[in-house]
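Input: one structure, supplied below.
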Protein chains: 2
Amino acid sequence: MVEGYADRFDGVDPAKVLGALELMRAGSLLIRELEAYFASRGLSQLRFLTLILIDREPDRTSLTVGEIAERLDVSRPVVTRTMQGLEQAGLIAISANEDDARSKEVSLTRTGQSKLGEVLPGYFAILHRAMSAGEA
Amino acid sequence: MVEGYADRFDGVDPAKVLGALELMRAGSLLIRELEAYFASRGLSQLRFLTLILIDREPDRTSLTVGEIAERLDVSRPVVTRTMQGLEQAGLIAISANEDDARSKEVSLTRTGQSKLGEVLPGYFAILHRAMSAGEA
DNA sequence: CTCCATTAGTTAGCATGATAAATATATGGG
DNA sequence: CCCATATATTTATCATGCTAACTAATGGAG
């Protein structure tokens, strides 16, 4: 279908257009697969990535809402909402920042650490398989 | 960051994991860029793809809600909602199917055809540029 | 012919992304 | 010291995807 259109525009290479469409498709499918995996374990991609991020932070055991938003490249309100869910699930603890009362520190609970360890192997397995199988 | 984890799981190739992460990242960025482009023209990806789909259908000038859902791989309720918006915007017309009163035929209006022609070059330009520049 | 399972579409409600505006705290110039 | 501005987070609202449940129409078995 693309060729019929692409012919009509200068400087457009149908192969590249198809590549871009394939990229979006493959990316979306992988994201969808991961969301399903996480959902079956009471998580979501963003919840999971938050846990990893705090776990892997060198020299510290907590991050602020703003830091999480920046590093995961999502808006702060989304992080706020996600943290509320994670706290209710007992996977993180939220405490005051001693130096700045505006800020909050988010750290993993033991439960959060366990959950992370429990979910990681499957996560990498899905990523690994995705690149071994379908993708171009 | 990936290596530190991947080492701990058998059969996981960090390069493939990184490739999968890059795939998701590139796909998401491209989708985001297209959504921004369409939003600036009163469309969305799904609205645009619907217009294209009807326009390119051979031998017919309309499609049903179900056909659109199936071909674009989205759920029917999403198509219903999207068609309501497109109809209000005057880009499509919805009429009864003579043979089956449950079904509806969605066709492009002149305005819809113009809008499509107006937006297509920019669309292909974005796809083309995405594959020429950033992607691995 | 009638009844019931199936099909087309819609409505209701949830999740997750965004932006704009509200709230609370910090901080620097006068 | 006080106010204006800036920063950290939250609240409110919107967009767009989903599934489940509802309505209306179809069509085949008996």
Side-chain angles (χ1 to χ4, degrees), chain A residues 24-25 27-50 62-89 92-107, chain B residues 24-25 27-50 62-89 92-107:
Chain A
M24 285 192 290
R25 178 168 191 80
S28 298
L29 284 176
L30 182 48
I31 287 169
R32 200 184 294 186
E33 186 176 357
L34 284 174
E35 286 297 2
Y37 171 68
F38 287 130
S40 74
R41 274 139 185 96
L43 290 178
S44 69
Q45 269 220 79
L46 186 54
R47 282 180 170 215
F48 168 76
L49 291 173
T50 300
S62 66
L63 289 172
T64 67
V65 169
E67 286 170 335
I68 294 167
E70 189 187 349
R71 296 183 197 192
L72 295 181
D73 197 26
V74 295
S75 66
R76 282 160 190 245
V78 170
V79 175
T80 292
R81 193 207 283 145
T82 304
M83 296 309 103
Q84 289 165 349
L86 280 172
E87 189 180 28
Q88 283 207 316
I92 61 168
I94 299 178
S95 53
N97 179 320
E98 296 180 354
D99 299 330
D100 187 337
R102 294 170 303 181
S103 186
K104 296 179 174 181
E105 295 291 332
V106 181
S107 56
Chain B
M24 285 192 290
R25 177 168 192 80
S28 298
L29 285 176
L30 181 49
I31 288 169
R32 200 185 295 187
E33 186 175 357
L34 285 174
E35 286 296 2
Y37 171 69
F38 287 130
S40 74
R41 273 136 186 99
L43 291 178
S44 68
Q45 270 220 77
L46 186 54
R47 282 181 170 214
F48 168 76
L49 291 173
T50 299
S62 65
L63 290 172
T64 66
V65 170
E67 286 170 336
I68 294 168
E70 188 186 351
R71 296 184 197 192
L72 295 181
D73 197 26
V74 295
S75 66
R76 280 159 192 244
V78 169
V79 175
T80 292
R81 194 206 282 146
T82 303
M83 296 310 102
Q84 289 165 347
L86 280 173
E87 190 180 29
Q88 283 207 315
I92 61 169
I94 299 178
S95 54
N97 179 320
E98 297 179 353
D99 300 330
D100 186 339
R102 294 170 303 179
S103 187
K104 295 179 174 180
E105 295 290 333
V106 180
S107 57

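Lettering follows sequence order; numbering is per chain, from 1.
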| Rounded to the Å, how far apart are A:Gln88 CD and C:dA15 P? |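 In whole Å, C:dA15 P lies 12 Å from A:Gln88 CD.
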| request: Identify whether any heavy atom of B:Ser75 sits under 4.0 Å from a base atom; if not, whether one sits that close to sugar-phosphate; answer base, sugar-phosphate or nothing. | output: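 Result for B:Ser75 = base.
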| task | Name the closest nucleotide to the B:Thr64 side chain, picking from D:dC18, D:dT26, C:dG9. | result |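 From the listed options, C:dG9 comes nearest.
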| task | To the nearest Å, give me how far apart CD1 (B:Ile68) and P (C:dT10) are. | result |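 After rounding, the gap between these two atoms is 10 Å.
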| Between A:Gln84 and D:dT10, is there a side-chain N or O to OP1/OP2 distance below 4.0 Å? |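 No, A:Gln84 has no side-chain N/O under 4.0 Å of OP1/OP2 on D:dT10.
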| field | Length of the line joining B:Glu35:CD and C:dT19:P, which is rounded to integer Å | value |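 The distance from CD of B:Glu35 to P of C:dT19 comes to 13 Å, rounded to the nearest Å.
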| said: Nearest 0.5 Å, please: how far is OG1 in A:Thr82 from CD in A:Gln84? | reply: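 Answer rounded to 0.5 Å: 9.0 Å.
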| said: Both B:Thr82 and A:Thr80 contact DNA chain D. Which one's nearest nucleotide lies toward the 5' end? | reply: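 First, find each residue's nearest nucleotide; the 5'-ward one identifies A:Thr80.
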| field | Value in whole Å for how far the P atom of D:dG17 lies from CG of A:Leu29 | value |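 Going from CG in A:Leu29 over to P in D:dG17 covers 15 Å.
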| message | With a 3.5 Å cut-off and heavy atoms only, can you find an N or O donor on one side and an acceptor on the other between the side chain of B:Arg102 and the base of D:dT26? | response |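 Absent.
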| task | Any chance you could lay out the side-chain contact (heavy atoms from CB on, under 4.5 Å) test for A:Lys104 and A:Thr64, step after step, and finish with the verdict? | result | CA-CA 6 Å; A:Lys104 296 179 174 181; A:Thr64 67; over 6 Å; no
| d(CD1, B:Ile92; C1', C:dG9) in whole Å |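 My rounded result for the distance is 14 Å.
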| Touch class at under 4.0 angstrom, heavy-atom based, for A:Val79 against every strand present |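 No contact at all - A:Val79 keeps every heavy atom at 4.0 Å or more from the nucleic acid.
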| request: Could you state the atom-to-atom distance from CZ of A:Arg71 to P of D:dA8 in whole Å? | output: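 Nearest whole value for this atom pair: 13 Å.
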| message | OP1 or OP2 of D:dA8 versus the side-chain N and O atoms of A:Arg76: is any pair under 4.0 Å? | response |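 Yes, such a contact exists.
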| task | Starting from the 5' end of DNA chain D, give me the residue, A:Arg81 or A:Ile94, whose nearest nucleotide shows up first. | result |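 The residue mapped nearer the 5' terminus is A:Ile94.
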| Across the strands shown, which category fits A:Val65 at heavy-atom distances under 4.0 angstrom: base, sugar-phosphate, nothing? |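 Counting heavy atoms under 4.0 Å across all strands, the contact made by A:Val65 is with sugar-phosphate only.
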| task | Return the minimal non-hydrogen interatomic distance between B:Ser107 and B:Ser62, and the atom names on each side. | result |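 The pair with the smallest heavy-atom distance is CB-CB, 3.9 Å.
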| For B:Arg32 and B:Lys104, take the nucleotide of DNA chain C holding the closest heavy atom to each; which residue's nucleotide lies nearer the 5' end? |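 The residue closer to the strand's 5' end, by nearest nucleotide, is B:Lys104.
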| task | Report which part of the nucleic acid A:Asp100 touches: base, sugar-phosphate, or nothing (heavy-atom distance under 4.0 Å, all strands). | result |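 Counting heavy atoms under 4.0 Å across all strands, the contact made by A:Asp100 is with sugar-phosphate only.
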| request: Return the value, rounded to whole Å, for the distance between atom CG of A:Leu46 and atom C1' of C:dA18. | output: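 Going from A:Leu46 (CG) to C:dA18 (C1'), I get 13 Å.
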| request: Return the minimal non-hydrogen interatomic distance between B:Val65 and B:Arg76, and the atom names on each side. | output: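 Scanning both residues, the minimum pair turns out to be CG1-O, 4.5 Å.
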| message | Test side-chain contact (heavy atoms from CB on, under 4.5 Å) on B:Leu29 and B:Arg25; report intermediate values, then the result. | response | CA-CA 6 Å; B:Leu29 285 176; B:Arg25 177 168 192 80; 4.2 Å; yes
| When you match A:Gln45 and A:Glu98 each to their closest nucleotide on DNA chain C, which lands nearer the 5' end? |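 Counting from the 5' end, the first nearest nucleotide belongs to A:Gln45.
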| Which whole-number value in Å describes the distance from A:Asp73 CG to C:dT16 C1'? |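 Nearest whole value for this atom pair: 15 Å.
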| said: Does D:dA8 have its OP1 or OP2 closer than 4.0 Å to a side-chain nitrogen or oxygen of A:Ser103? | reply: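 Result: no.
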| request: Grab the two heavy atoms, one from A:Arg47 and one from A:Ala89, that are nearest each other, plus how far apart they are. | output: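 It is NH1-CB, 4.3 Å.
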